[in-house]
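Letters A, B, ... are given to chains in the order of the sequence lines, protein chains preceding strands, and every chain is numbered from 1. The figures that follow rest on heavy atoms only: side chains count, while hydrogens, waters and symmetry mates do not.
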Number of protein chains: 2
Amino acid sequence: MDPRLDRDTSNCSIARTLEIVGEKWTILILREVWYGSSRFSDFERVLGCPRNLLAARLRMLVEEGILTTETYKEPGSRSRPKYVITPKGMDLVPAVMGLLHWGDRYRADPEGPAVLARHRACGAHVDIQIRCERGHPVQAEDIESVPGPAFRMKSAE
Amino acid sequence: MDPRLDRDTSNCSIARTLEIVGEKWTILILREVWYGSSRFSDFERVLGCPRNLLAARLRMLVEEGILTTETYKEPGSRSRPKYVITPKGMDLVPAVMGLLHWGDRYRADPEGPAVLARHRACGAHVDIQIRCERGHPVQAEDIESVPGPAFRMKSAE
DNA sequence: TAGCTGAGTATATGAAAGTAAACTCAGAGT
DNA sequence: ACTCTGAGTTTACTTTCATATACTCAGCTA
């Protein structure tokens with residue numbers, strides 16, 4: 001990965017993921033879904049996010065298959081839509097756990113984090129780790145990035 | 001974590017992390033640092049990002065202690081600054097690996113990813129996993145979020 | 001049938017981001 | 001002394017994004 005090479009970065013998986021979840025509010029909406037919110041008004045109240053953006057982000061997350069809509073019915077009210085996470089959305093958990101853990105470490109209040117992630121089965125604190133296919137824990141420094149099958153160079157302009 | 005509760009989310013670690021790395025270009029700059037770039041012109045060329053934004057992002061990353069500046073000297077030229085990652089910056093690797101992995105899975109080209117992450121020692125592919133303190137692998141569905149020491153409710157307005 | 005409520009849409013305004021080009025600045029080479 | 005280069009800064013303009021507020025709409029209840 002010589003930095004002087006003119007790599008074509010248009011098919012970068014990080015950039016492509018950020019195209020979807022990199023806009024303001026998107027990850028925070030997903031956070032609230034994980035914490036149990038599902039209704040438009042819940043997101044609005046807890047996030048304090050403008051309604052038109054909330055509507056736009058929810059629509060996009062549904063289009064991308066990260067959320068899906070179901071209906072709920074409060075007694076005495078009509079059916080309304082709610083937003084639930086899909087398996088594709090659950091697969092974003094590790095990335096967001098990474099952000100959470102970094103914030104806990106470097107930007108938390110003196111008394112500690114606001115939210116703790118626990119293993120439901122045993123109650124122990126959960127964290128993310130990097131491992132290689134053989135199961136060895138890997139330090140970030142020991143990761144080597146190499147060109148993959150879709151690696152491309154910039155074509156001459 | 002009842003969604004109807006008026007939680008105060010101003011001290012959320014995810015939101016605080018996004019305040020730093022959530023702006024456009026920031027994570028892509030870090031990606032290039034991991035891939036080996038360190039000079040202003042390298043970032044500019046490979047990212048195609050406007051110079052004023054690149055300068056602003058680099059300044060912010062240095063202020064936050066995620067990057068630090070050193071100098072390099074090309075023979076026949078004067079010393080110039082270069083940007084290198086700090087341990088605090090390396091601690092963002094798991095989060096970005098999460099984004100990379102998700103993109104590889106859901107948004108890669110048909111032939112596969114553009115970049116592969118390998119364990120330098122054994123050459124095996126690396127990935128991120130969620131584990132509890134006792135070392136058990138944890139599925140995203142088995143994570144429970146509970147109020148932590150800095151949990152707060154919204155004060156009455 | 002009039003009002004209430006949750007889930008939006010529409011509109012206006014301001015703040016960032018993108019684009020492009022000119023300009024600065026320090027020092028090494030000639 | 002003059003030029004060249006990498007690393008920026010500055011300015012000007014356009015476009016997209018974000019915010020705030022007002023408005024709509026469907027259906028349940030009174």
Which part of the nucleic acid, if any, lies within contact of B:Phe43, taking any heavy atom under 4.0 Å across all strands shown: a base, the sugar-phosphate backbone alone, or nothing?
-> nothing
Original post:
Can you check whether A:Met60 reaches A:Glu64 side chain to side chain, under 4.5 Å on heavy atoms?
Top reply: yes
| said: With a cut-off of less than 4.0 Å, is there a side-chain N or O of B:Ser77 near OP1 or OP2 of C:dA28? | reply: no
Do A:Leu47 and B:Thr9 come close enough that some side-chain heavy atom pair is under 4.5 Å?
no
With a sphere of 6.0 Å drawn around CD of B:Gln139, does it hold more than 12 non-hydrogen atoms of other residues, nucleotides or ligands? no
**Message:** Whether the side chain of B:Ser37 engages the backbone of B:Val33 through a donor-acceptor N/O pair (distance < 3.5 Å, no angle test) should be reported.
**Reply:** no
request  = Taking only the side-chain nitrogens and oxygens of A:Tyr72, find out if one of them lies under 4.0 Å from OP1 or OP2 of C:dA7.
outcome  = yes
Here the distance between atom P of C:dG18 and atom CG of B:Leu47, to the nearest Å, is 11 Å
In whole angstroms, the gap separating P of D:dA7 from NZ of B:Lys82 amounts to 12 Å
Under 3.5 Å, is there a donor-acceptor pair between the side chain of B:Asn11 and the main chain of B:Ala150?
-> yes
In whole angstroms, the gap separating P of D:dT5 from CZ of B:Arg39 amounts to 15 Å
Which part of the nucleic acid, if any, lies within contact of B:Arg59, taking any heavy atom under 4.0 Å across all strands shown: a base, the sugar-phosphate backbone alone, or nothing?
-> sugar-phosphate
Query raised in the report: Does the side chain of B:Glu133 reach to within under 4.5 Å of the side chain of A:Val126, using non-hydrogen atoms?
Result: no
Heavy-atom contacts, protein to nucleotides 16-26 of chain D, under 4.0 Å, summarised as B (base), S (sugar-phosphate only) or - (none) per nt, yield --SBB-BB--B
Whole-Å distance, B:Glu74 CD to D:dG6 C1', equals 11 Å
Taken to the nearest whole Å, CG/B:Asp42 to P/D:dG8 is 12 Å
Check: Okay, side chain of B:Thr69, backbone of B:Tyr83: is any donor-acceptor separation there less than 3.5 Å?
Finding: no
When rounded to whole Å, the NZ to P distance for the pair B:Lys73 and C:dA28 reads 6 Å
Rounded to whole Å, CG of B:Leu58 lies from P of D:dG6 at a distance of 17 Å
In whole angstroms, the gap separating C1' of D:dA7 from CD1 of B:Ile29 amounts to 14 Å
